[in-house]
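Just so you know, these numbers come straight off a predicted model, no measurement behind them. All heavy atoms count here, side chains included; hydrogens, waters and symmetry mates do not. One is the number of the first residue; the rest follow in order along the sequence. Start at 1 and go down the list; that is how both ligands and their atoms are numbered.
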Amino acid sequence: MPERCPVCAQKFELEQGFWFGTGYVSYALSVALSVATLVAYWVLIGISWQDNSIFIWLGINGALLVVLQPWLMRVSRVIYLYFFVYYDESTEDLPEK
Ligand SMILES: [Zn+2]
């Protein structure tokens with residue numbers, strides 16, 4: 001992760017430990033993704049208490065979350081940064097820092 005935006009030189013880590021909060025965003029994304037895969041699995045394959053289908057979903061979902069972790073981490077940082085940094089038109093003509 002670069003220290004500053006290559007285009008506008010916006011500092012990314014606004015304060016010490018700023019990225020700590022992305023854990024909560026990442027958690028929310030992971031839960032949303034898990035609910036989505038559960039619903040998709042339920043509709044497409046079906047879940048029954050008489051077999052191990054819930055554990056098969058659990059395994060698939062766990063593997064999917066591990067594989068998607070690098071992407072989830074980056075998306076979380078982008079979403080978290082959007083909470084705190086706004087587009088400011090007046091800084092557009094500033095010289096490069
Ligand atoms: Zn920028």
Query raised in the report: At their closest point, which heavy atom of Phe83 faces which heavy atom of Tyr86, and how far apart are they?
Result: O-OH, 3.2 Å
Query raised in the report: Would you say Phe12 and Val85 make side-chain contact, with heavy atoms under 4.5 Å?
Result: no
Report task. For Ser76 and Thr22, work out which heavy atoms get closest and say how close. Result -> CB-O, 3.9 Å
Report summary line: Listing protein N, O or S under 2.8 Å around the Zn ion (ligand 1) gives Cys5 SG, Cys8 SG
Query raised in the report: Got Asn61 and Leu38 here, is their nearest side-chain heavy-atom distance under 4.5 Å?
Result: no
Requested in this report: Could you tell me whether the side chain of Arg77 and the main chain of Met73 form a donor-acceptor pair under 3.5 Å?
Outcome: no
Side-chain polar contacts of residues 50-58 - donor-acceptor pairs under 3.5 angstrom, sequence neighbours left out - could you list them?
residue : atom : partner : partner atom : Å
Asp51   : OD1  : Ser53   : N            : 3.1
Asp51   : OD1  : Ser53   : OG           : 2.8
Ser53   : OG   : Ser48   : N            : 3.0
Ser53   : OG   : Ser48   : O            : 3.4
Trp57   : NE1  : Thr37   : OG1          : 3.1

